[in-house]
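Presented below is the structure to which this report refers.
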Amino acid sequence: MSRPVLLVIAHGSRDPRHAATVHALVREVRAQRPGLRVETSFLDFNVPGPLAVLESLAAEGVRDVVALPLLLTRAFHAKSDIPAVLRQAPPTLRIHRADVLGPSPLLLSALDRRLYEAGLTPADKPTTGVVLASAGSTDPEAIAVIAEIAREWRHTGWCAVRPAFASASLPRTEDAVRALRALGCPRVAVAPYVLAPGRLPDRITAGATEADVLAGVLGPAPEVARVLIERYEEALAGELAALGA
């Protein structure tokens with residue numbers, strides 16, 4: 001029996017770098033899991049939309065799909081938009097819903113990777129304060145998760161880790177950079193906790209002008225691809241457990 005199709009549901013953006021980065025991440029997933037069919041869709045601004053992909057899969061005769069939100073936290077899109085789309089799926093499809101990507105130790109490893117690529121080394125951790133810069137949300141659950149990730153990441157050896165947000169919440173990236181300076185961290189780095197470039201990641205970049213190091217977005221990091229595969233497997237395992245298999 002063929003494996004269920006993995007349908008990645010990304011946010012979408014008018015910025016062409018966003019879709020290019022999502023597609024690069026999907027290629028990394030395919031490279032790590034040959035034989036797994038992975039389809040890509042976008043909620044807004046880019047095509048195809050998730051419903052169009054689901055209808056196409058149903059027309060092909062596909063029966064099982066794992067729908068995976070390409071999101072780092074459970075905020076409005078994960079709680080409202082994506083479930084609303086999936087409720088419109090063709091009735092011949094069995095939709096297995098995967099969880100959002102974060103939090104995950106693999107994502108912390110991906111953040112480390114991007115900082116090391118930007119010039120830091122593991123030996124720099126005790127003297128480097130890091131701003132964990134996310135897009136931001138009005139959802140208090142999502143904000144609390146970012147704060148908890150910052151606390152966990154601090155325990156891996158960084159001088160300090162402060163969360164920051166590009167929208168909807170405070171502090172902003174530039175304020176967190178200044179707070180780490182005031183704390184006495186000899187070096188300050190900004191690590192964007194975002195998956196792909198776009199308007200809000202550009203705000204993070206603009207707020208990092210006083211930092212010593214600015215990492216790249218998570219993008220197609222191997223660790224991020226592994227999280228997608230984990231969420232796919234967890235969704236299927238959860239369904240089997242529910243059925244008593």
Are the side chain of Thr156 and the backbone N or O of Glu152 linked by a donor-acceptor pair below 3.5 Å?
no

Within the side chain of Arg94, is there an N or O that forms a donor-acceptor pair under 3.5 Å with the backbone of Pro91?
no

Backbone N or O of Arg3 within a donor-acceptor pair of the Asp64 side chain at under 3.5 Å?
no

Please answer whether the main-chain N or O of Leu218 pairs with a side-chain N or O of Arg114 as donor and acceptor at a distance below 3.5 Å.
yes

Sub-3.5 Å donor-acceptor pair from the side chain of Asp212 to the main-chain atoms of Val188, do we have one?
yes

Would you name the heavy atoms of Leu25 and Ala221 that are closest together and state the gap between them?
CD1-O, 4.4 Å

Shared hydrophobic cluster, Tyr232 / Leu70 (ILVMFWY, side-chain heavy atoms < 4.5 Å)
yes

For Pro48 versus Thr40, what's the shortest heavy-atom pair and its separation?
CG-O, 3.5 Å

Apply the side chain to side chain contact (heavy atoms under 4.5 Å, CB included) test between Ile9 and each candidate in Asp81, Leu86, Leu71, Val53; give the one that qualifies.
Leu86

Could you tell me if the side chain of Val66 sits less than 4.5 Å from the side chain of Glu233, heavy atoms only?
no

Any side-chain heavy atom of Arg154 sitting closer than 4.5 Å to one from Arg151?
no

Could you measure the distance from the CD atom of Glu28 to the CD1 atom of Ile229? Nearest 0.5 Å is fine.
8.0 Å

Between Leu170 and Phe165, is there a side-chain heavy-atom distance shorter than 4.5 Å?
no

In the structure I gave you, are the side-chain heavy atoms of Ser134 and Leu72 within less than 4.5 Å of one another anywhere?
no

Short N-O contact, Glu210 and Arg181, less than 4.0 angstrom
no

Donor-acceptor contact below 3.5 Å, side chain Arg231 vs main chain Val100:
yes

In the single-linkage hydrophobic clustering (I, L, V, M, F, W, Y; side-chain heavy atoms under 4.5 Å), do Val194 and Leu106 co-cluster?
no

Going from CG on Leu68 to CD on Glu39, what distance comes out if it is rounded to the nearest 0.5 angstrom?
14.0 Å

Whether the side chain of Ser41 engages the backbone of Val8 through a donor-acceptor N/O pair (distance < 3.5 Å, no angle test) should be reported.
yes

Side chain to side chain, Arg97 and Pro83, heavy atoms closer than 4.5 Å
yes

Hydrophobic cluster identity match, Leu7 and Val62, side-chain contacts under 4.5 Å
yes

Mind checking whether Leu200 and Val131 sit in one hydrophobic cluster, side chains of I, L, V, M, F, W, Y counted as touching below 4.5 Å?
no

From Arg162 CZ over to Thr173 OG1, what is the distance, rounded to the nearest 0.5 angstrom?
14.0 Å

Leu195 versus Val217: any side-chain heavy-atom pair under 4.5 Å?
no

Measuring from Glu223:CD to Gln32:CD, what's the distance to the nearest 0.5 Å?
8.5 Å

Ignoring hydrogens, what is the shortest heavy-atom contact between Gly198 and Ser13? Give both atom names and the distance.
CA-OG, 4.3 Å

Backbone N/O of Ala135 and side chain of Ser167: donor-acceptor pair under 3.5 Å:
yes

Shortest non-hydrogen contact from Gly207 to Val177?
O-CG2, 4.3 Å

To the closest 0.5 Å, what do you measure between CD (Glu234) and NE2 (His96)?
15.0 Å

How about Trp153 and Leu107: do any of their side-chain heavy atoms sit closer than 4.5 Å?
no

Tell me, with the steps shown, if Thr128 and Trp158 meet side chain to side chain contact (heavy atoms under 4.5 Å, CB included).
CA-CA 6 Å; Thr128 304; Trp158 295 104; 3.8 Å; yes

Of all heavy-atom pairs linking Tyr193 and Leu132, the shortest is CB-CD1, 3.7 Å

Does one side chain, of Asp124 or Thr121, offer a donor that lies under 3.5 Å from an acceptor on the other?
yes

Rounded to the nearest 0.5 Å, how far does CZ of Arg187 lie from NZ of Lys125?
13.5 Å

Report yes if the side chains of Phe45 and His18 come closer than 4.5 Å at any heavy-atom pair, otherwise no.
no

Evaluate Arg33 against Val38 for side chain to side chain contact (heavy atoms under 4.5 Å, CB included), listing each step before the verdict.
CA-CA 10 Å; Arg33 188 57 63 89; Val38 187; over 6 Å; no

Looking at Val161 and Ala150, what are the two nearest heavy atoms and their distance?
CB-O, 3.5 Å

Indicate yes or no: does Arg199 engage Asp202 in a salt bridge with an N to O separation below 4.0 Å.
no

Examine Leu228 and Leu108 and state if one hydrophobic cluster contains both, with Ile, Leu, Val, Met, Phe, Trp and Tyr joined whenever side-chain heavy atoms are less than 4.5 Å apart.
yes

